[in-house]
Amino acid sequence: MIRTSALIAAALATAVPSVAFADTRVYHGTSHRYHYRCKRSKGTTGLLAGAGAGGLGAAALGAGPVGLAAGVIGGGLLGRHLDKRHDAAQNRRNGC
C-alpha cells in the first residue's frame, strides 16, 4: 500500500509541470510591438522537482540508502538539465 501511494506521488510530481505566472512580454511604444524577455534559467526549479521525484521513485522501488541517494542526485541533475534546456528552446522560439 505504501509503495503504491509513493509510486503514484512520484508519477504526479513528474507529470504536473510547474507554472510561472510572470508576464514575459514587454511593450515597446516606439515600434508598437510586444517583445519577449529572454530568460536565463539556473535550473533551480528543475533541480528541486527532479530530486524530489528521484527520491520518491527510488523509495517506491524499495532502494536502500545508497539507491535513495543515487535517485535524488540523478533526478536532480536530470531535472536541472531539462529545465535549462526548456528555457533555451523557449528563447529560440521567441527570437532571443
> Which atoms form the tightest heavy-atom contact between Val72 and Gly55, and what is the distance?
Replying inline: CG2-CA, 3.6 Å
Return all side-chain donor-acceptor pairs below 3.5 angstrom for residues 78-86, not counting sequence neighbours, or 'none' if the list is empty.
unit_1 : atom_1 : unit_2 : atom_2 : d
Asp83  : OD2    : Ser41  : OG     : 3.4
Asp83  : OD2    : Gly46  : N      : 3.3
Lys84  : NZ     : Ser41  : O      : 3.4

>> Applying salt bridge (Lys or Arg N to Asp or Glu O under 4.0 Å), can you list everything that pairs with Asp87, at least two apart in sequence or on another chain?
In response: Lys39
>> Give me the atom names and distance for the closest heavy-atom approach of Gly71 to Ala58.
In response: CA-CB, 4.3 Å
> With ILVMFWY side chains joined below 4.5 Å, transitively, what does Ile73's cluster contain besides itself?
Replying inline: Leu77
